**Q** 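Submitted below is the structure of interest, expressed as structure tokens.
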Protein chains: 4
Amino acid sequence: MGKKRGQKYDKIIDAAVKVIAENGYHHSQVSKIAKEAGVADGTIYLYFKNKEDILISLFEEKMGVFVDYIKGKILDATSIEDKLYILIHMHLSQLEKDHDLALVTQLELRQSNISIRFKVNEVLKGYLGLIDSIIEEGKQEGEFDPDIDTRMMRQVIFGSIDEVVTNWVMKDHRYDLAPLAESLHKFLMKGLKAPQRMEEPR
Amino acid sequence: MGKKRGQKYDKIIDAAVKVIAENGYHHSQVSKIAKEAGVADGTIYLYFKNKEDILISLFEEKMGVFVDYIKGKILDATSIEDKLYILIHMHLSQLEKDHDLALVTQLELRQSNISIRFKVNEVLKGYLGLIDSIIEEGKQEGEFDPDIDTRMMRQVIFGSIDEVVTNWVMKDHRYDLAPLAESLHKFLMKGLKAPQRMEEPR
Amino acid sequence: MGKKRGQKYDKIIDAAVKVIAENGYHHSQVSKIAKEAGVADGTIYLYFKNKEDILISLFEEKMGVFVDYIKGKILDATSIEDKLYILIHMHLSQLEKDHDLALVTQLELRQSNISIRFKVNEVLKGYLGLIDSIIEEGKQEGEFDPDIDTRMMRQVIFGSIDEVVTNWVMKDHRYDLAPLAESLHKFLMKGLKAPQRMEEPR
Amino acid sequence: MGKKRGQKYDKIIDAAVKVIAENGYHHSQVSKIAKEAGVADGTIYLYFKNKEDILISLFEEKMGVFVDYIKGKILDATSIEDKLYILIHMHLSQLEKDHDLALVTQLELRQSNISIRFKVNEVLKGYLGLIDSIIEEGKQEGEFDPDIDTRMMRQVIFGSIDEVVTNWVMKDHRYDLAPLAESLHKFLMKGLKAPQRMEEPR
DNA sequence: TATGAATGAGATTTCATTCAT
DNA sequence: AATGAATGAAATCTCATTCAT
């Protein structure tokens with residue numbers, strides 16, 4: 001992990017996740033992150049441009065792994081239906097596996113500057129593009145309603161999953177998240193499905 | 001508007017929306033809000049406990065009006081389908097009418113403390129309850145699939161709408177928002193609908 | 001009581017003593033005193049020039065009564081020894097009777113501006129003059145050592161009593177104060193007494 | 001001087017004494033002290049927890065030196081009488097040598113919170129203990145009247161010296177302070193002395 | 001590379017006092 | 001005389017970032 005060099009880079013990223021999850025965004029000073037990472041304050045600035053950069057890099061790193069992982073899994077799937085299911089299930093199960101990360105991405109990271117949010121959105125684009133490609137494929141194969149705007153579909157899919165995760169985080173991870181994939185998938189499939197060219201009379 | 005006392009209370013709330021929309025939450029000093037409202041800095045503290053309280057009250061006020069307005073409109077509707085449509089359309093059109101407010105609720109408000117977010121969630125409950133009641137009614141009338149968990153449905157509905165609005169805000173309100181109600185509604189209805197007891201035998 | 005007019009004047013003074021004793025000098029806002037006195041904030045300024053003036057007047061009022069009372073008692077005494085005893089005993093017993101007032105004069109009032117302390121000293125002069133007159137009388141009557149500077153004697157007398165009272169206040173009035181008069185008096189008398197023109201042999 | 005680290009710590013303490021003496025406690029902003037010390041405002045907080053802590057530390061430092069110095073001098077003395085004289089004389093002469101410090105300890109320090117005053121009292125205990133030990137020794141050696149309560153004696157001694165110093169400060173250091181040690185000592189000795197087992201018959 | 005002491009800008013909130021009613 | 005809503009100046013402390021070592 002870590003396209004930039006060195007074990008310290010990764011250490012700092014991981015320290016940031018932990019510190020932010022534990023203390024909340026607004027109480028996560030650079031010095032605290034440095035301490036947790038076992039480096040001097042100044043060292044942070046050898047690896048990151050500024051505090052914002054830690055956050056964005058954090059998101060980039062984690063999101064990169066996340067997207068790559070899901071992409072790999074989706075390759076195995078054959079039907080569009082399965083692909084969507086895998087996406088939803090992976091999204092939920094990946095975050096369920098790492099409470100700290102979930103807390104940071106769903107709640108804490110959103111407390112940052114608008115400018116960070118725009119950059120985070122930039123990073124998200126890889127993932128949103130993945131969703132788009134599934135939708136487009138579904139449309140082309142006649143599985144999904146071609147009349148629904150792809151962007152709208154994607155917003156619904158992402159917005160739904162995101163809201164489900166956020167609710168889970170705000171309820172303190174008190175229930176199992178991944179199992180919700182099934183009914184969420186069922187719902188979204190039904191909504192997305194192309195109108196039944198039913199009664200196709202022969 | 002304004003269940004608490006006086007014209008100054010409302011003036012400050014409105015000034016806060018404007019200032020926060022223009023400058024972003026983190027650059028919206030109390031003194032700036034006071035100036036915009038045409039009152040002294042200290043006057044703010046006669047009406048609000050602290051800066052946080054301005055934010056929460058702002059949300060309470062605006063959300064209260066918002067929910068009441070939608071509730072009223074929904075009463076007129078007869079079918080569940082219409083009720084859901086009205087909710088979605090109102091949600092979108094209300095926020096489309098007030099760019100500043102949309103900016104504040106979709107982006108700026110979420111930059112605040114977790115503690116504020118929980119209070120905001122508290123306020124949101126009225127609205128989420130409204131969604132729940134539509135879902136329940138739909139289930140009872142056999143319109144919606146009784147197998148889908150109400151909470152899940154609500155998260156999908158709210159999450160979808162919210163994501164659509166946020167995208168619109170982040171795209172700088174560059175397209176019309178309300179018209180999206182139609183396809184969003186269509187999608188959600190399809191997803192929610194009870195399985196067709198098809199093949200109705202003659 | 002109250003050389004200035006009106007019951008409100010007295011009410012405010014008494015409220016100030018109570019509020020300061022209860023909340024400490026730095027947490028005794030004018031508005032709190034006004035509330036305790038049952039008047040509006042603005043009313044305070046009809047009777048007192050400013051907050052400082054409340055404090056000084058408070059001290060004047062209470063000190064005036066205090067000094068007059070002691071002066072009266074001392075008139076009854078015949079010997080210098082008795083006069084000093086009465087002064088010490090009255091000083092201690094008067095303050096013991098009013099814990100709030102003791103707290104205010106010994107601790108809280110000293111937290112104020114230097115300028116107030118100078119004015120308080122001005123007010124104290126009446127009392128210090130009383131001590132001086134006892135000393136002078138004692139010297140003239142050959143009771144006290146004429147070689148000791150009167151001002152020094154007065155400082156010792158006042159400083160001793162004051163320190164004893166302050167210690168009692170800081171120890172939360174946990175022991176009886178007035179009984180200490182005896183040994184304090186004994187000590188001071190011994191120190192003040194003129195050198196024994198002992199055994200002057202005939 | 002300075003049990004805590006470094007030259008900056010001492011610089012800040014000394015700057016605080018000067019600034020407070022010149023401007024009074026309530027007009028001694030942290031930034032003023034920082035400027036006088038030649039450091040940045042923030043640097044203050046690397047050495048002191050908060051503004052209060054500067055005051056307490058200041059008193060601790062100066063008082064520590066003061067007490068150690070007096071203790072050392074007293075060791076040289078043989079008689080109790082001399083010890084008391086040295087204590088009084090050192091107390092007066094030490095403060096006379098540093099007008100700023102005297103102003104701060106006698107007047108400004110007492111304007112602070114009650115909480116500070118309690119901490120100041122804590123620091124004073126070392127000095128008061130020293131007085132106590134002289135008294136106890138005097139009692140044991142039959143020099144001082146064993147019937148007088150040690151605490152009372154100590155309050156008289158400390159209260160007298162303190163009052164003498166405070167008067168000198170409030171009179172703007174317009175006369176020499178140390179010379180007063182003699183008559184103060186004479187007075188206190190007389191008051192403390194054990195009753196003369198006079199008339200020793202031949 | 002790494003350190004960590006030092007920097008200094010910046011904002012919330014309090015509260016004595018005023019003055020229109 | 002009395003009110004109390006409104007004023008607005010003023011100061012502590014935090015923390016991201018730098019730079020000499």
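Please read all numbers here as calculations on a predicted model, not as lab measurements. All chains are named by letter (A, B, ...) in the order of the sequence lines, taking the proteins before the strands, and each is independently numbered beginning at 1.
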**Q** Determine the contact category for Val30(B): base if any of its heavy atoms lies under 4.0 Å from a base atom, sugar-phosphate if only primed atoms, P, OP1 or OP2 are that close, otherwise nothing.
**A**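 Base contact.
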
**Q** Which base, if any, makes a Watson-Crick or G-U wobble pair with dA16(E), both distances under 3.5 Å?
**A**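 Check on dA16(E): paired to dT7(F), both distances under 3.5 Å.
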
**Q** Say whether Glu52(A) and Asn113(A), considering side chains only, have a donor N or O and an acceptor N or O under 3.5 Å apart.
**A**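 Yes, Asn113(A) and Glu52(A) have a side-chain donor paired with an acceptor closer than 3.5 Å.
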
**Q** Rounded to whole angstroms, how far apart are OH on Tyr25(D) and P on dA11(F)?
**A**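 Nearest whole value for this atom pair: 13 Å.
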
**Q** The side chain of Lys51(D) lies closest to which of these nucleotides: dT3(F), dT13(E), dT12(F)?
**A**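 Of the options given, the side chain of Lys51(D) lies nearest dT12(F).
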
**Q** Are the charged groups of Lys125(C) and Glu122(C) less than 4.0 angstrom apart, N to O?
**A**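 Yes, this pair counts.
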
**Q** Taking only the side-chain heavy atoms of Leu46(B) (C-beta and beyond), determine which of dT3(F), dG4(E), dT7(F) contains the nearest atom.
**A**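 Per side-chain heavy atoms of Leu46(B), the pick is dT7(F).
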
**Q** In whole Å, what separates the P atom of dT21(F) from that of dT1(E)?
**A**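 Their P atoms lie roughly 22 Å apart.
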
**Q** Whole-Å distance between dT12(F) C1' and Ile33(D) CD1?
**A**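 Answer to the nearest Å: 12 Å.
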
**Q** Gln29(A) has a side chain; which of dA16(F), dT13(E), dA11(E) sits nearest to it?
**A**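 Selected nucleotide (nearest to the side chain): dA16(F).
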
**Q** Let me know the distance between CD1 of Ile54(B) and P of dT13(E), rounded to the nearest Å.
**A**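 Ile54(B) atom CD1 is separated from dT13(E) atom P by 9 Å.
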
**Q** Which whole-number value in Å describes the distance from Glu52(C) CD to dT17(E) C1'?
**A**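 Rounding to the nearest Å, CD of Glu52(C) and C1' of dT17(E) are 14 Å apart.
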
**Q** Side-chain N or O of Tyr47(C) versus OP1/OP2 of dA2(F): is the shortest distance under 4.0 Å?
**A**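 So the side-chain polar atoms of Tyr47(C) do come within 4.0 Å of the phosphate oxygens OP1 or OP2 of dA2(F), strictly under.
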
**Q** Return the 5'-most residue of the pair His27(A), Thr43(B) with respect to DNA chain F, ranking by each residue's nearest nucleotide.
**A**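 Comparing both residues, the 5'-ward one is Thr43(B).
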
**Q** Which comes earlier along DNA chain F counting from the 5' end, the contact point of Val39(C) or that of Gly42(D), where each point is its nearest nucleotide?
**A**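 So the residue in question is Val39(C).
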
**Q** Of Asp98(A), Asp14(A), Asp100(A), which meets salt bridge (Lys or Arg N to Asp or Glu O under 4.0 Å) against Lys62(A)?
**A**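 Option passing the salt bridge (Lys or Arg N to Asp or Glu O under 4.0 Å) with Lys62(A): Asp14(A).
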
**Q** Answer yes or no: is there an ion pair linking Asp41(B) with Lys32(B), defined by an N-O contact shorter than 4.0 Å?
**A**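 Judged by the 4.0 Å cut-off on N to carboxylate O distance, Asp41(B) and Lys32(B) do not form a salt bridge.
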
**Q** Counting only heavy atoms not in His99(A) (residues, nucleotides, ligands), do more than 12 fall under 6.0 Å from its NE2?
**A**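 Yes, the 6.0 Å shell around NE2 holds more than 12 heavy atoms from other groups.
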
**Q** Heavy-atom nearest nucleotide on DNA chain E for Gly38(A) versus His26(C): which residue maps closer to 5'?
**A**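 Closer to the 5' end of DNA chain E: Gly38(A).
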
**Q** Among dT13(E), dT3(E), dT14(F), which nucleotide has an atom closest to any side-chain atom of Asp41(B)?
**A**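 It is dT13(E).
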
**Q** Taking atom C1' of dA5(F) as reference, at what distance in whole Å does atom CD of Gln7(B) sit?
**A**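 To the nearest whole Å, that distance equals 12 Å.
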
**Q** Measure the distance from OH on Tyr45(A) to C1' on dA2(E) and round it to the nearest whole Å.
**A**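 In whole Å, dA2(E) C1' and Tyr45(A) OH are 15 Å from each other.
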
**Q** Rounded to the Å, how far apart are Leu55(A) CG and dA16(F) P?
**A**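 Answer to the nearest Å: 10 Å.
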
**Q** Find the partner of dT21(E): check Watson-Crick (N1-N3 plus N6-O4 or O6-N4) and G-U wobble (N1-O2, O6-N3) distances, both under 3.5 Å, and reply none if neither fits.
**A**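 Pair assignment: dT21(E) / dA2(F).
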
**Q** Kindly confirm or rule out a cation-pi arrangement of Lys8(C) over Tyr45(C), judged by NZ or CZ under 6.0 Å from the six-membered ring centre and within 45° of its axis?
**A**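 Lys8(C) over Tyr45(C) ring: no.
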
**Q** Can a side chain N or O of Lys8(D) be found less than 4.0 Å away from OP1 or OP2 on dA6(E)?
**A**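 Lys8(D) to dA6(E) OP1/OP2: side-chain N or O found under 4.0 Å.
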
**Q** Round to the nearest Å and state the distance from Phe48(A) atom CZ to dA16(F) atom C1'.
**A**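 These atoms are roughly 15 Å apart.
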
